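Quick notes on the structure that follows.
Because the structure is predicted, anything quoted here is derived from the model rather than measured. Hydrogens, waters and symmetry mates are skipped; everything else that's a heavy atom, side chains included, is used. Every chain is numbered from 1, with letters handed out A, B, ... down the list of sequences.
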Amino acid sequence: MTRYAQGRAPARVQAISLQSQARNRFIETFSLLLAAAFVLMAALLIAPKARAQSPTDVLTYLTTDRFPDTERALNEIGTSGLATAPQIVEALAANRLLFDAAARKLYFADESGALFDAATGAPAAGISPDDLKRVRLNNAVRRSLNAARGALTLMSPDPARRRAAAEAVFKSRDASALPLVESALEKESTPAIRKKLEEARAAIIAADASAPEARRLESLETLKERGDQDALGTLATIAAASEGRVKTSAEAGVAAIQSRLAMWRNVQNVWYGLSLGSVLLLAAIGLAITFGVMGVINMAHGEMVMLGAYTTFVVQEWARTNHPELMNYSLFIAIPLAFLVTGAVGIFIERVVIRFLYGRPLETLLATFGISLILQQAVRTIFGANNREVSAPAFMSGSFDFGALSIGYGRMWIIVFAMAVFAALLFVLRATSFGLRMRAVTQNRRMASSMGIDTNRIDALAFGLGSGIAGMAGVALSQIDNVSPNLGQSYIIDSFMVVVFGGVGNLWGTLLGALTLGVANKFLEPVAGAVLGKILLLVFIILFIQKRPRGLFALKGRAVEA
Amino acid sequence: MDHSVTTSLLYLDGVSVSFDGYKALRGLSLTLAPGEMRAIIGPNGAGKTTMMDVITGKTRPDEGDVLFGGTHDLTKLDEAQIAELGIGRKFQKPTVFESQSVDDNLLLALKAPRGALATLFGKPAPDTRLRIDQILETTRLKDHRHRMAADLSHGQKQWLEIGMLLAQDPKLLLVDEPVAGMTDAETAQTAELLRAIAVDHSVVVVEHDMTFVRDLGVKVTVLHEGAVLAEGPLDVVSADPRVIEVYLGR
Amino acid sequence: MNPATDRLIDTRGYIFLAVLSAAAVLVPILTLVIPDESAFAMPPYLVALFGKYLCFALLAVALDLVWGYCGILSLGHGAFFALGGYAMGMYLMRQIGTRGVYAHPVLPDFMVFLNWKELPVAWWGFQSFPYAMAMVLLIPGLLAFIFGWLAFRSRVTGVYLSIITQAMTYALMLAFFRNDMGFGGNNGLTDFKDLLGFNVQATETRVALFVASCIALGGGYLVARAVVTSKFGKVVIAIRDAESRTRFLGYRVETYKLAVFVLSAMMAGLAGALYVPQVGIINPGEFSPANSIEAVIWVAVGGRGTLVGAALGAFMVNWGKTFFTGALPEYWLFALGGLFVLVTLFMPKGVIGLIDQYKVRRASKKPTAEG
Ligand SMILES: Nc1ncnc2c1ncn2[C@@H]1O[C@H](COP(=O)(O)OP(=O)(O)O)[C@@H](O)[C@H]1O
Ligand SMILES: [Mg+2]
């Protein structure tokens with residue numbers, strides 16, 4: 001620890017001595033840092049009573065009711081070694097830091113209003129808050145307050161907090177935090193956090209006009225390497241504020257990061273597009289199956305998705321009240337259940353309505369639209385018109401970083417789920433006898449029927465399968481969208497477009513159609529805006545069917561033409 | 001262009017068609033002289049209907065030439081244009097306009113301007129009634145003229161379709177299995193009718209029914225697996241061992 | 001060729017036109033002449049309500065022309081209706097002049113609100129009534145032409161076509177929701193003041209609009225009827241029943257479909273134009289795909305391919321809607337949904353079909369009863 005401080009400090013001193021004010025501040029912080037280091041070490045061994053002088057100074061500054069003093073206290077509190085420093089800072093932030101001007105004593109209140117002595121952290125008995133004044137804040141103080149909070153947490157035992165603190169310092173580029181950062185670096189053993197600290201140090205030094213040019217340039221490199229939006233902001237500010245080589249280097253860094261970020265933006269668009277595409281895939285694939293096999297468009301398909309989402313909601317409510325321990329796993333119950341529920345509804349609809357409309361696809365379209373209205377209203381009557389809350393299980397929340405990309409677990413699992421469903425379906429169609437029959441009916445119904453395939457049964461099962469998949473799509477959608485009676489409506493037209501674009505009778509067409517539309521959507525959105533992007537896509541599809549009236553992967557043959 | 005090409009009414013050369021890899025026609029070549037009637041036979045799946053699809057523009061060949069009247073490249077035209085050139089077709093499965101009367105079916109087929117403006121504002125030609133009456137007479141549908149086409153028997157539908165073909169007054173008639181599902185008497189009548197038509201039209205008839213083909217008494221082309229297997233008078237062709245094998249050997 | 005069915009106006013048509021004429025004569029008398037206290041007096045709100053139904057009936061006739069006769073199930077006819085409505089709405093907006101909230105002589109309120117300085121080109125000329133009326137027909141007609149040309153040429157048919165028409169109206173809805181489209185965004189066009197100098201709220205104007213709607217419906221019916229009874233109409237029916245067979249007869253199916261589609265779109269546009277002053281507003285919600293499908297069910301309920309049935313269906317369903325939304329709002333969607341299912345399952349020819357069936361049964365019963 002001392003090696004570090006001694007090794008680096010002389011160079012600093014030389015460089016900075018030109019500016020006396022800065023030097024003063026440096027020496028001040030340097031001594032404070034040393035003191036803090038001592039205290040930290042001592043704190044581990046000795047009772048927290050033994051202190052250097054500064055803690056009391058800090059406390060005193062906070063009782064003067066003058067903003068500059070408060071600021072000063074905050075600038076020093078991080079290194080003061082005061083055991084109650086975190087509480088003091090937090091209390092100040094929450095407007096619960098009080099002082100007795102006459103006695104020059106500081107108190108903080110907790111959330112319930114109980115008072116504590118700020119110097120010791122012991123409950124302060126017999127003191128009435130009415131006799132005390134509040135330590136006031138202004139903008140300058142608030143800034144110092146934030147820096148202090150950051151500094152205090154740099155040494156927190158909780159790695160997540162240390163990391164956040166390092167980030168906070170990086171963003172503030174507060175030069176006064178430098179010594180703290182340096183000392184934190186000494187202690188830090190987690191590589192990822194070390195990196196953050198180094199970046200924070202680099203940001204401070206690079207932004208510091210009084211730092212030696214060589215060090216600034218070196219720091220700029222670190223910032224460049226970091227290469228994210230924040231680094232870009234920092235570099236841009238530095239470029240604007242400085243001259244000479246630092247300016248050129250910072251500008252080069254800005255350019256480099258911008259092109260890197262542009263690349264990552266594209267990656268992100270693709271990622272979001274895939275995520276949207278996989279949702280579309282889930283919603284559209286059942287539609288493509290029923291359309292392929294029976295030549296009918298199921299306008300109630302969106303409502304099957306909606307029913308799947310409500311199944312998820314019901315399962316979750318059941319788990320919440322009866323088996324809270326299952327809350328995190330309720331999705332695993334909901335997926336098969338949604339498949340069964342919507343599949344059964346689908347088969348019911350097929351048996352009761354659609355079967356009688358065979359060979360009249362347009363009438364089927366109308367009848368299923370009627371069914372969609374009934375289902376919507378039924379759900380509205382049962383569950384109410386408002387959105388229902390479906391919470392995400394732990395494994396679906398949060399995110400991880402991939403390059404400059406933050407990948408949400410929710411989206412990721414939905415993509416995985418969609419692909420799994422797709423693969424399973426592919427397997428069912430390719431490798432089971434039901435799949436074989438279904439494909440036979442898709443390609444030539446009359447022939448299949450004369451070969452002894454019970455086309456009625458296949459129709460019902462295909463419809464059930466398509467609806468069941470829609471139900472599973474609903475489970476996935478419940479994680480990213482509001483569960484409301486209109487849920488299905490918002491996806492149905494997009495699903496139609498996927499089917500029109502991808503063609504029917506070939507699952508790969510649906511996959512390609514869904515992913516293409518998803519990705520295209522996300523690339524158009526930033527350029528044209530969400531709504532215009534969507535309009536453009538619709539226009540594109542209308543034009544696309546010019547070239548391929550039956551989609552990307554069209555079924556050919558006489559049976560289709562008839 | 002070869003001399004024989006320009007004189008033949010219909011000229012197919014090296015026509016190939018494949019569906020998803022399955023070759024329905026493999027280098028089919030065929031010529032038809034003006035005024036000629038030709039019977040085409042061949043086992044199921046030989047490509048007879050596909051050949052008609054190619055001629056009428058329903059299916060585009062992958063390769064090969066299809067010329068009509070020596071000058072018109074049929075592979076470049078669409079169905080309506082080909083029909084306007086004077087090629088009429090009767091489908092294997094009778095297709096008439098079910099929800100319209102027999103009269104209206106014939107009116108629709110009758111040779112007249114086909115444009116939307118003409119049908120919307122134009123007056124029917126003065127001899128329209130007369131020509132329809134004639135066709136009704138020929139096809140023995142006079143008593144059924146106000147009936148919906150959907151209500152006709154299968155044989156009557158076949159005849160109505162032939163009547164529509166007559167009404168079109170095409171230069172070339174393509175007739176796909178006209179006697180399928182007909183009684184013997186009806187078959188004989190149909191053969192007679194076709195012979196009458198062939199007096200001033202070129203006709204291509206596809207048929208399985210050998211007695212019917214014999215009744216027609218014209219040159220026969222045997223198709224097999226998308227190509228011509230044999231050609232000539234029926235007696236000669238049916239003595240050809242390859243033809244016998246194709247028909248009986250499997 | 002068939003004297004019984006080829007007449008321009010058949011028995012059904014006479015009844016229909018007679019009812020329309022009676023309404024056009026009686027409603028003004030009942031509203032304007034008969035004193036308000038009388039039991040026979042018709043309140044103005046009813047005039048507007050029935051006027052609205054008449055516009056829906058015209059939309060239904062237009063839809064029947066393409067669906068019932070040409071087999072094109074358009075799920076986007078609401079778009080043509082709405083475009084006609086917007087054209088009329090733009091005329092009405094320009095008539096407001098300085099009476100708007102911001103009292104701008106040229107710009108409608110919403111443009112002033114959006115800080116626009118100039119009238120967008122699309123709005124030019126709409127202060128003129130003849131120009132606006134021309135646009136009422138031309139804009140839907142043009143859209144139908146472009147869309148139909150693209151779709152029919154590439155032989156998109158059946159369910160595919162229906163879905164694409166739905167996408168069309170959906171795209172338009174999204175577009176019209178945008179403020180920068182310049183058509184009032186979310187709120188649409190409203191707060192109309194007068195039409196050809198007459199206050200749109202006045203009872204007299206409402207009655208006049210009602211009569212105009214009667215005439216438009218009657219006229220639309222006659223035009224549609226003239227089309228379907230001509231040889232052109234027979235070709236169109238042939239296309240519906242056997243499209244490719246019609247091609248092999250030498251008819252250019254695309255041209256025929258396009259002609260019917262454009263004509264129908266213009267009729268729908270006219271219906272929308274008459275609708276807007278009677279309800280006092282036009283907004284992007286009119287483009288919603290559900291509206292278009294609802295119009296289809298009017299036709300199905302009445303009986304498609306009959307024209308009169310389409311108008312009848314529009315009246316019945318909308319009357320039912322008015323009733324339900326007033327008395328049992330919860331159940332309207334159940335009723336409408338059930339209607340879709342029941343009509344397609346049990347009444348493929350609609351109410352007119354039922355009447356015909358009943359007539360046939362009566363006719364076949366009579367001789368046996370007598371003999
Ligand atoms: N549109 C098509 N798609 C796929 N295969 C076809 C199509 N048309 C014809 N075929 C195939 O081409 C072959 C020839 O058919 P076709 O011309 O109908 O025979 P024919 O009329 O001589 O009985 C058959 O195997 C048939 O299945
Ligand atoms: Mg055949």
- Task: Would you give the length of the straight line joining atom OG1 of C:T255 to atom CG of B:L117, rounded to the nearest 0.5 angstrom?
- Result: 9.5 Å

- Which pair of heavy atoms, one from B:Q100 and one from C:A238, lies closest together, and at what distance? NE2-N, 3.2 Å

- Item | Lys/Arg-Asp/Glu bridge criterion (N-O < 4.0 Å) met for C:R247, B:D78 | no

- CE-CZ distance between B:M52 and C:F248, expressed to the nearest 0.5 angstrom: 11.5 Å

- Message: Is there a ring-ring contact (aromatic ring centres under 6.0 Å, His included) between C:F232 and B:F121? Walk through the geometry before answering.
- Response: CA-CA 8 Å; C:F232 177 97; B:F121 299 111; 8.5 Å; no

- Contact winner vs chain C - B:P170, B:G88, B:P124, B:S99, heavy-atom pairs under 4.5 Å: B:S99

- Inspect the surroundings of NZ in B:K93 and state if more than 12 heavy atoms from other residues, nucleotides or ligands are less than 6.0 Å away. no

- Task: Start with the C-alpha gap between B:T119 and C:Y256, add the side-chain angles, then the distance that decides, and say whether side chain to side chain donor-acceptor pair (under 3.5 Å) holds.
- Result: CA-CA 10 Å; B:T119 53; C:Y256 280 82; 2.9 Å; yes

- Message: Working to the nearest 0.5 angstrom, can you tell me the gap between C:Y251 OH and B:R114 CZ?
- Response: 4.0 Å

- Note on the structure: Nearest heavy-atom approach of C:L249 to B:A83 is C-CB, 3.8 Å

- Task: Go through B:A112, B:A118, B:A80 and name the one with the most non-hydrogen pairs under 4.5 angstrom from chain C.
- Result: B:A80

- Message: Can you tell me how far apart CG (B:D104) and CD1 (C:I237) are? Round to the nearest 0.5 Å.
- Response: 8.0 Å

- Query: Could C:R245 and B:E161 be called an ion pair, given the rule that one side-chain N must be under 4.0 Å from one carboxylate O?
  - Reply: yes

